[in-house]
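Remarks on the structure that follows.
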2 protein chains.
Amino acid sequence: MATIKDVAKLAGVSISTISRVLNAPDKVSKDKRERVLRAIEQLKYHPNALARGLIHKKTKTLGILIPDISNYYYAEMFRGMEDAAQEFGHNIIICNTDKDKQRMISALRSMKEKQIDGFVFTSEPVYPDYYDIFNQLGLPVVLASTQSLEYAIPSVKIDDEQAGFDAAQYLIDCGHRRIAMISGPHLDPIAGMSRLQGFMRAMRTNELDFDSARCVEFGNYRYDDGYAAMERLWDKNPELTAVFAASDEMALGAIYFLYRSGVRVPDEVSILGMDNTRIACMSLPRLTTVAQPIYEIGYKAVRTLQEVLDGAGPATLRTYLSHQIVARDTVKNVNGEIF
Amino acid sequence: MATIKDVAKLAGVSISTISRVLNAPDKVSKDKRERVLRAIEQLKYHPNALARGLIHKKTKTLGILIPDISNYYYAEMFRGMEDAAQEFGHNIIICNTDKDKQRMISALRSMKEKQIDGFVFTSEPVYPDYYDIFNQLGLPVVLASTQSLEYAIPSVKIDDEQAGFDAAQYLIDCGHRRIAMISGPHLDPIAGMSRLQGFMRAMRTNELDFDSARCVEFGNYRYDDGYAAMERLWDKNPELTAVFAASDEMALGAIYFLYRSGVRVPDEVSILGMDNTRIACMSLPRLTTVAQPIYEIGYKAVRTLQEVLDGAGPATLRTYLSHQIVARDTVKNVNGEIF
DNA sequence: CTGAAAGCGCTTACAG
DNA sequence: CTGAAAGCGCTTACAG
């Protein structure tokens, strides 16, 4: 492959001049500039970004840590990240962590060695030992779809507690009283416990009875988890009329359990999902769900990282994008009905 | 950040020695090795992969060009790629192209400058001008979910023509005679025309009447395309009993159109999808579909690229992984029924 | 406007 | 076993 020296030789100038036509063309006489451009074209010369990065200590490369890109939620969020990156001339190195600490550490080490300018960390809480690792790296970091109340790390997400509240309130407004929730895991303070807390706050605010032992089951956001959780829920509480699931996949799993049990959705039981991934409108009946601006979370997270890299610092430390309920066909309004 | 010089100073040795403990530890005396290791630890030293890459002319970084990662099919394929990469110590730079030539060119240029070792190109045919671009880059390339018969580029995919054939044969074996297809676009020779040709071959082989004007509609693999195509199909051909859609999403779109039209699936019309993305078993009724080993295609494509990089050359130029039909709930066996 | 030289952070013969 | 030196492909003052 041609290097700057080859171009210099062919064009009959010094390598400094080549560098100049690439970085500050108007500082070079028209005559030489054209000769150089021709030589570049002729040799198919591509400047070596490693050499450049070594000098500038910038690579225009960002790291992204994501639990699992084959998960629809992350796939869509990642698209937002990539678009933001591309728009501002950055490339992305991505790594799936499966929420595995070792995998994360080794990815981060290797990204660090490749001199990424900064990275986005997704969906997991920032545990103290994670914070230590981030610190030792000395790289700018932004959190997407997670946040830290303890540490001053910029983050972009929705208000999960409020989303849980709004979900319950929506079902209540639709006339439901015996409501259950399929929550995310206990160990997930962000999308798990916050939503459940918001949900319970709404029940309290509306002075509705809510026995969490009978009305809450847990799952890890996947379809099978939703199926199994609905099974347990139905087993101990067959008189409920509405269920809020903390992910669309779990909602669909719950629907499938009910379908197999001969329970009609939404006629007998209403199901409210969460996320509004594209499956929500591709399944049947089409899923009513609490929509997150997933793409925007990814986009905004990378934009925030870029603001930090520009030295301006992020406009706001903790950004909350707004959620909204998208009414489709799985929640029935039972106001006025007689039980 | 600490450099090799800082470590050398702290450990009281030359930078050569630092380099040796990192790359050939047994060539260094135990005494010095330990001192160096301690200094590395103390300074949180991370070697700079740019400098190393400059010398080795290898970066252990691979490029991936994909139309759209938020598409379920590619998300799953990409997961396979990333796993293969990680297993063999490679990192991945990914770029969404939206099948846009300019976007592809600029991504490739930037990946080339960052000295990727090779790249995987996905899903689009290798047009002659693409081939020229690949050639000028001088980088190893492997095709995933596409292939080239004109050029000797390694590729990994299923046999799409045969998949189309098997799809039709399956419906025929289930007793269907008046069968239609929702195909991919005319402009897509790989997943579009090949599957249609295989489909038509099966109809011919079985001596079934097949008027392509009445029995084929086209769409771009998305849900809405499937809905619209089914609408056109139903409009001109309401006596059909089975439809093969060239993607799961189009199949689901078709089902939704039929549902809205009061046509029962599979009792009145059977639907056969293609891909077996995870939505196939998350929708209701659960979709019968021609399964592609999507993850494996991605995994194998990167493995093949790594074989090329190892200098061995790919074991086989054109790899075909096998598809299989997964029977679920949207295709009805009508053998023995009276029409 | 232009070129020679130093330097970015490493690796790798080469001598000892 | 160890270190000094050259070199990977660039950029950037510095002189002219």
Side-chain angles (χ1 to χ4, degrees), chain A residues 1-37 39-40 43-61 109-117 137-139, chain B residues 1-37 39-40 43-61 109-117 137-139:
Chain A
M1 287 293 106
T3 72
I4 200 171
K5 281 187 195 166
D6 303 315
V7 180
K9 197 168 296 172
L10 181 61
V13 298
S14 74
I15 61 165
S16 311
T17 299
I18 309 299
S19 181
R20 282 192 200 96
V21 330
L22 256 22
N23 301 305
D26 37 284
K27 288 191 174 170
V28 178
S29 71
K30 198 178 167 198
D31 166 49
K32 297 205 170 172
R33 198 192 317 144
E34 280 167 1
R35 252 195 296 156
V36 168
L37 257 13
I40 286 176
L43 295 172
K44 309 295 173 200
Y45 168 68
H46 296 267
N48 184 322
L50 300 185
R52 189 176 278 173
L54 205 49
I55 296 164
H56 283 148
K57 295 169 188 327
K58 286 253 146 55
T59 55
K60 298 222 138 225
T61 304
R109 195 178 43 67
S110 135
M111 288 176 175
K112 165 75 178 181
E113 293 187 357
K114 290 181 179 174
Q115 312 300 117
I116 55 168
D117 295 335
L137 250 27
L139 286 172
Chain B
M1 287 292 105
T3 73
I4 200 172
K5 279 187 196 166
D6 303 315
V7 180
K9 196 168 297 171
L10 182 60
V13 297
S14 76
I15 62 166
S16 311
T17 298
I18 309 300
S19 181
R20 283 192 199 94
V21 331
L22 256 22
N23 301 306
D26 37 285
K27 288 191 175 172
V28 178
S29 70
K30 196 176 167 200
D31 165 49
K32 295 205 171 174
R33 196 191 320 143
E34 281 167 359
R35 252 195 296 155
V36 167
L37 256 14
I40 285 176
L43 294 172
K44 308 297 176 200
Y45 168 69
H46 295 267
N48 185 323
L50 300 185
R52 187 176 280 173
L54 206 49
I55 297 166
H56 283 148
K57 292 165 191 330
K58 286 253 147 56
T59 55
K60 298 222 139 224
T61 305
R109 194 177 43 66
S110 136
M111 288 174 175
K112 165 75 178 180
E113 294 187 357
K114 290 181 180 175
Q115 311 299 117
I116 55 167
D117 296 335
L137 249 28
L139 287 172

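Just so we're on the same page: letters track the sequence lines, and every chain starts at 1.
The interatomic distance linking K60(B) (NZ) with dC10(C) (P) rounds to 18 Å, in whole Å. Whole-Å rounding puts the R20(A) CZ to dT11(D) P distance at 11 Å. Atom CD1 in I18(A) sits about 11 Å away from atom P in dT11(D), given to the nearest Å.
Looking at residues two or more places apart in sequence or on another chain, you find a salt bridge (Lys or Arg N to Asp or Glu O under 4.0 Å) between D31(A) and R35(A). When the side-chain contact (heavy atoms from CB on, under 4.5 Å) test is applied to K57(A), no partner is found at least two apart in sequence or on another chain. Scanning for side-chain contact (heavy atoms from CB on, under 4.5 Å) contacts around K5(B) gives T3(B), I15(B), with sequence neighbours left out. With sequence neighbours left out, K27(A) forms a salt bridge (Lys or Arg N to Asp or Glu O under 4.0 Å) with no residue at all. For the side-chain contact (heavy atoms from CB on, under 4.5 Å) test, residues two or more places apart in sequence or in another chain that qualify with K58(A) are H56(A), D117(A). For the side-chain contact (heavy atoms from CB on, under 4.5 Å) test, residues two or more places apart in sequence or in another chain that qualify with S110(B) are N91(A).
Within the 4.5 Å cutoff, side-chain heavy atoms of Q115(A) are placed close to those of N48(B). Contact of the L137(A) side chain with the H46(B) side chain is registered, since non-hydrogen atoms from C-beta on lie closer than 4.5 Å. Under the 4.5 Å side-chain criterion, counting only non-hydrogen atoms from C-beta, I40(B) is in contact with L22(B). Contact of the K112(B) side chain with the R109(B) side chain is not registered, since no non-hydrogen atoms from C-beta on lie closer than 4.5 Å.
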Under the 3.5 Å Watson-Crick or G-U criterion, the dot-bracket string of DNA chain D, with | for inter-strand pairs:
|||.||||||||.|||

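Regarding contacts with the backbone of dA4(D), every side-chain N or O of S16(B) stays at 4.0 angstrom or more from both OP1 and OP2. For the pair S19(A) and dT11(D), the criterion of a side-chain N or O lying under 4.0 Å from OP1 or OP2 is met.
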Could you go over nucleotides 6-9 of chain C and give all protein N or O partners under 3.5 Å, atom names and distances?
| residue | atom | partner | partner atom | Å |
| --- | --- | --- | --- | --- |
| dC8(C) | O3' | K57(A) | NZ | 2.8 |
| dG9(C) | OP1 | K57(A) | NZ | 2.9 |
| dG9(C) | N2 | A51(B) | O | 3.4 |

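Looking only at distances, no side-chain donor or acceptor of R20(A) sits under 3.5 Å from a matching main-chain atom of V28(A).
Near DNA chain D, meaning a heavy atom under 4.0 Å away, the residues from residues 22-36 of chain A are N23(A).
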